[in-house]
Amino acid sequence: MPHNIIIDTDPGQDDAVAILLALASPELNVLGITCVAGNVPLHHITRNARQVCELASRPDMKVFAGCDTPMEKPLVTAEHVHGDSGLDGTDLPDPKMKLQDQHAVDFIIETLRSEPSGTVTLCPLGPLTNIGTAFKKAPDIVDRVKEIVLMGGAYFEVGNITPAAEFNIYVDPEAAELVFMSGVKLTVMPLDVTHKALTSRTWIDELIAIGTPVTKAVAGLTDFFERFDVAKYGGTGAPLHDPTVIAFLIQPEMFEGRFVNVEIETQSELTRGMTVADWWYVTDRPKNAMFIGSVDRDAYFNLLTQRLRLL
Ligand code: RIB
Ligand code: CA
């Protein structure tokens with residue numbers, strides 16, 4: 001029985017790879033793709049998401065525009081990582097497929113109310129603004145969510161946009177707090193695991209050698225995406241953050257983590273957006289998240305290669 005999922009995303013090169021992996025995988029039934037402002041402003045996000053769907057030969061996929069600013073503070077973007085378009089590294093044609101008229105938040109609410117309770121998984125790959133807004137607007141849907149598997153946060157790996165915070169959480173900590181405190185079954189893919197999911201020259205060359213439009217585009221996207229992390233962290237390889245969410249739903253056994261309490265800093269300017277994980281159980285705060293710390297890197301990239309070549 002495939003997982004019924006909604007991908008909430010801010011493409012973003014790594015989001016693009018996650019969407020492609022999902023659309024190539026029979027284990028998943030993508031009910032819709034909801035766009036949120038994050039890596040770049042929303043109008044780029046909605047274009048990018050449709051470009052990726054057309055690249056996957058899925059112009060039928062429903063793509064929705066969502067929130068263009070975080071719940072409380074101004075938007076922070078990451079063109080320094082993703083380029084001005086958000087999908088620098090390839091030159092996909094302008095999309096022909098149309099955006100859905102319905103707002104992404106209303107699509108999330110309507111879908112959770114109409115699908116049988118406990119059958120829809122939410123897969124946020126960007127700031128949690130759409131999800132937090134939906135939970136605030138329609139509290140009745142919270143108990144109907146099967147589970148949330150999200151990319152965001154950091155603990156041992158510390159922050160990538162500030163010394164304390166990972167980008168997705170930092171952009172909208174208020175939304176993140178609503179999600180993390182919601183009581184929904186939650187699996188978190190933080191930088192602690194995504195920084196171990198690094199691309200390699202060998203893998204990119206393999207994609208180029210396969211030579212399909214999808215694998216060549218992914219090679220270009222990850223090549224571009226890598227330059228920022230190599231310059232910042234040294235070494236080689238780009239952390240393919242967002243596809244870990246999709247890979248977890250397909251092969252959870254390739255990941256390892258710990259069920260702990262994770263809470264979000266929203267008050268301090270110094271540590272705003274930090275995911276405070278009680279990894280060593282030093283408090284009696286209730287456990288609320290499976291916080292993933294490691295991945296079988298070869299299994300991860302083998303799955304990506306195996307599935308991307310199918311598109
Ligand atoms: O910090 C990494 C996250 O921020 C990824 O989801 C990337 O796409 C950006 O949104
Ligand atoms: Ca993202």
Side-chain angles (χ1 to χ4, degrees), residues 5-22 33-42 44-49 51-52 63 66-68 70 75-89 104 122-131 148-173 175-176 179 187-199 218 221-222 224-229 232-233 237-248 264 272-275 291-292 295:
I5 70 171
I6 294 173
I7 297 176
D8 190 70
T9 182
D10 64 335
Q13 288 83 356
D14 59 321
D15 302 68
V17 181
I19 293 167
L20 292 168
L21 176 60
I33 294 175
T34 52
C35 298
V36 65
N39 285 321
V40 288
L42 186 65
H44 286 312
I45 300 290
T46 55
R47 182 200 63 229
N48 296 349
Q51 286 179 317
V52 174
V63 177
C67 298
D68 60 2
L75 176 65
V76 172
T77 53
E79 287 87 346
H80 61 293
V81 178
H82 299 271
D84 290 343
S85 73
L87 270 192
D88 285 25
L122 302 180
C123 300
L125 310 179
L128 290 162
T129 313
N130 284 343
I131 312 300
I148 294 173
V149 185
L150 68 84
M151 191 278 141
Y155 189 60
F156 294 104
E157 194 65 9
V158 298
N160 62 356
I161 189 76
T162 75
E166 176 278 328
F167 179 79
N168 288 342
I169 308 300
Y170 179 72
V171 169
D172 200 336
V179 171
T187 299
V188 179
M189 295 288 167
L191 298 180
D192 302 53
V193 63
T194 67
H195 279 188
K196 296 168 186 164
L198 299 178
T199 61
V218 170
L221 289 166
T222 48
F224 178 88
F225 188 57
E226 177 184 26
R227 88 215 181 293
F228 170 77
D229 284 86
K232 179 174 179 180
Y233 296 104
L240 270 192
H241 307 284
D242 293 337
T244 59
V245 168
I246 306 302
F248 178 81
I264 310 296
R272 178 169 167 77
M274 181 175 181
T275 46
F291 202 75
I292 301 297
V295 61

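In each ligand, atom 1 is the first atom listed, and ligand 1 is the first ligand listed. Numbers here simply count residues along the sequence, with the first being 1. When reading the values below, keep in mind they use all heavy atoms of this one structure, side chains included, and skip hydrogens, waters and symmetry mates.
Here the protein contributes Asp10 OD1, Asp15 OD1, Asp15 OD2, Leu125 O, Asp242 OD2 as N, O or S atoms under 3.0 Å from the Ca ion (ligand 2).
Checked options Ile6, Ile148, Thr34, Thr9; the residue passing with Pro124 is Ile148 (criterion: side chain to side chain contact (heavy atoms under 4.5 Å, CB included)). With Val188 as reference, Leu150 is the one residue of Thr275, Leu150, Val149 to meet the side chain to side chain contact (heavy atoms under 4.5 Å, CB included) rule. When each of Leu122, Ile131, Ile169 is checked for a side chain to side chain contact (heavy atoms under 4.5 Å, CB included) with Val179, only Ile131 meets the rule.
Using a 4.5 Å heavy-atom threshold, the side chains of Val40 and Ile45 count as touching.
Formation of a donor-acceptor pair under 3.5 Å by the Asp15 side chain with backbone atoms of Asp10 is found in this model. Of the possible donor and acceptor atoms, one in the side chain of Asn48 sits under 3.5 Å from a partner among the backbone N and O of Pro11.
Sorted by chain then number, the residues whose non-hydrogen atoms approach ligand 1 to under 4.0 Å are Asp10, Asp14, Asp15, Asn39, His82, Leu125, Met151, Asn160, Glu166, Phe167, Asn168, His241, Asp242.
For His44, the ring-ring contact (aromatic ring centres under 6.0 Å, His included) criterion is met by no residue, not counting sequence neighbours. Applying the side chain to side chain contact (heavy atoms under 4.5 Å, CB included) criterion to Ser85, with sequence neighbours excluded, gives Arg47, Leu87, Asp88.
Relative ring orientation between His195 and His241 is described as tilted, the plane-to-plane angle lying within the 30° to 60° band.
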